[in-house]
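Let me begin by presenting the structure, written as structure tokens, before commenting on it.
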There are 2 protein chains.
Amino acid sequence: MPDIKHFDPDVALERVEELFWQRGAATTSIQAVATTTGLNRSSLYATFGDKRDLYLAALRRYVRVRAEPALRRLAQDERGLPAIREFFAELIEARCSGAYAGWGCMIVNAHAGAECADPAVQTLLNQHFEYLRDALRDALDTACHQDQVAEGITAEAADVLTLLAYGVNLRSRAGADADTLHHAVTVTLAQLARDL
Amino acid sequence: MPDIKHFDPDVALERVEELFWQRGAATTSIQAVATTTGLNRSSLYATFGDKRDLYLAALRRYVRVRAEPALRRLAQDERGLPAIREFFAELIEARCSGAYAGWGCMIVNAHAGAECADPAVQTLLNQHFEYLRDALRDALDTACHQDQVAEGITAEAADVLTLLAYGVNLRSRAGADADTLHHAVTVTLAQLARDL
DNA sequence: ATCATCTTGGAATGTCCGTTCCAAGATGTC
DNA sequence: GACATCTTGGAACGGACATTCCAAGATGAT
């Protein structure tokens, strides 16, 4: 083995992911990626392939690192409705304040961009949609078994919550304030909850 | 008056709107606009200004022609819940089949793109969001007065329906099938409706 | 018919894009 | 220490981009 990479591809990919997440695929140039990561274009191409490959790698990293862990936690949470409430509260918090405020969700952003025409991207988007829906369904199922939900409510209501989450992610990008988003979520969950 | 335009700016703008709507602002070149409209670049610049101006004009046209008429109808509809049901049914129909299938909503798409950083665009997006919410609130208010809604449901639930509509628009771009979207809407509206 | 004025087509400009190429340098093996 | 092999920096490429400019043509007013 003659020479080894002078950088850590995983660290670099994290930077790339943040760039594509914040600014989108179409409006982020390879030059910008090179500058941000501190790498040369040659190294980028040698390591990740062309721009499409790079974007796909970044998107996959986003799904794996940023999205799925939270969803796994939600799906396995035994608290039912409180877990769902917390999930949305943390989502809104993350979207409206902190380092990533106004960035939205990379998956949701990809829906509206030209990336979406790419079959590989579309597969990822649909998989993640179902992953989110399944996690919400599991949590709702738990809530049902604990008699937390109003009469007539089943785990089918997960479909609503999934689209609601997408709407929250989207609106956060236009600077929607956290209170407004929180209100919508509270109203929705109040409808699901059993009257006390 | 020495010479008059050899084309109708309104007709041209409709073409431009469709182009930006389908392909987004970042990935649509002035050249593509010129080709599609059959106009020369000079004429485009002389008539509409630069690309940003052109996009803004197209977005404003979309709001005025495509979005607001349907919302005005919804707000003034005296039927209550059935009007809301019909609104969503027509939305899903328009997004999943016909000439504009897979295009989503231009306003929603703008949320996720780089356009969103433009203050003028952001103002339009927020105005439209409130316009949609107000229309749904009006319709829901009508439903409340006609005792169509379940106990505890008020016009506040419009917040939920607004984000739901955004979610529908978004998901339709990734090829979500109409049945899935319809299901989510049906479940939501069933929760609002008074048990019979 | 003349003229001033606007539109129009096409060429031209300079920048930025994604991508490739190559020489120079670094590294592990023998 | 020599060699083979990979990485790296920087230059180079062709194409596409938004935008501007200008000469030619068309038009209405006089």
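So you know, we letter chains A, B, ... as the sequences are listed, proteins then strands, and number each from 1.
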#### Entry: Working for side chain to side chain donor-acceptor pair (under 3.5 Å), residues B:Thr180 and B:Asp177
CA-CA 6 Å; B:Thr180 307; B:Asp177 67 311; 2.5 Å; yes
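Salt-bridge annotation for A:Arg79 and A:Asp77: present, with a side-chain N of the basic residue lying under 4.0 Å from a carboxylate O of the acidic one. Using a 4.0 Å cut-off between charged nitrogen and carboxylate oxygen, B:Glu151 and B:Arg194 do not count as a salt-bridge pair. Using a 4.0 Å cut-off between a side-chain N of Lys or Arg and a carboxylate O of Asp or Glu, B:Arg137 and B:Asp159 qualify as a salt bridge. Salt-bridge annotation for A:Arg66 and A:Glu17: present, with a side-chain N of the basic residue lying under 4.0 Å from a carboxylate O of the acidic one.
With rounding to whole Å, A:Ile30 atom CD1 is found 22 Å from C:dT15 atom P. Atom CZ of B:Arg52 and atom P of D:dC17 are 21 Å apart (whole Å). In this structure, A:Lys51 atom NZ and D:dG15 atom P are separated by 19 Å, rounded to whole Å. Computed from coordinates, the A:Lys5 NZ to D:dG9 P distance equals 12 Å when rounded to whole Å. Look at CD1 on B:Ile4: it is 12 Å from C1' on C:dT5, rounded to the nearest Å. Atom CG in B:Leu44 sits about 14 Å away from atom P in D:dC17, given to the nearest Å. In this structure, CD of A:Gln31 is placed 11 Å from P of D:dG10, rounded to the nearest angstrom. Rounded to whole angstrom, the span from the CG atom of B:Asp53 across to the P atom of D:dA18 amounts to 14 Å.
Side-chain rings of A:Tyr166 and A:His111 approach one another, their centers coming within less than 6.0 Å.
Residue A:Ser29 places at least one side-chain N or O closer than 4.0 Å to OP1 or OP2 of C:dC17.
A donor and an acceptor atom, one from each side chain of B:Glu68 and B:His128, are nowhere located under 3.5 Å apart.
Using a 4.0 Å heavy-atom criterion, one finds that A:Thr47 contacts no nucleic acid atom at all. Among the protein residues, A:Thr28 comes within range of the sugar-phosphate backbone only, with heavy atoms under 4.0 Å from sugar or phosphate atoms but none that close to a base.
Closest approach of A:Val63 to A:Pro69, counting heavy atoms only: O-CD, 4.4 Å.
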Give me the distances for all protein-to-nucleotides 20-26 of chain D N/O pairs that come in under 3.5 Å?
from	atom 1	to	atom 2	distance (Å)
D:dC21	N4	B:Ser42	OG	3.2

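Sorted by residue number, the list of members of residues 111-119 of chain B with any non-hydrogen atom under 4.0 Å from DNA chain D is empty.
Relative to the six-membered ring of B:Phe129, A:Arg171 meets both conditions, a distance below 6.0 Å and an angle of at most 45° to the axis.
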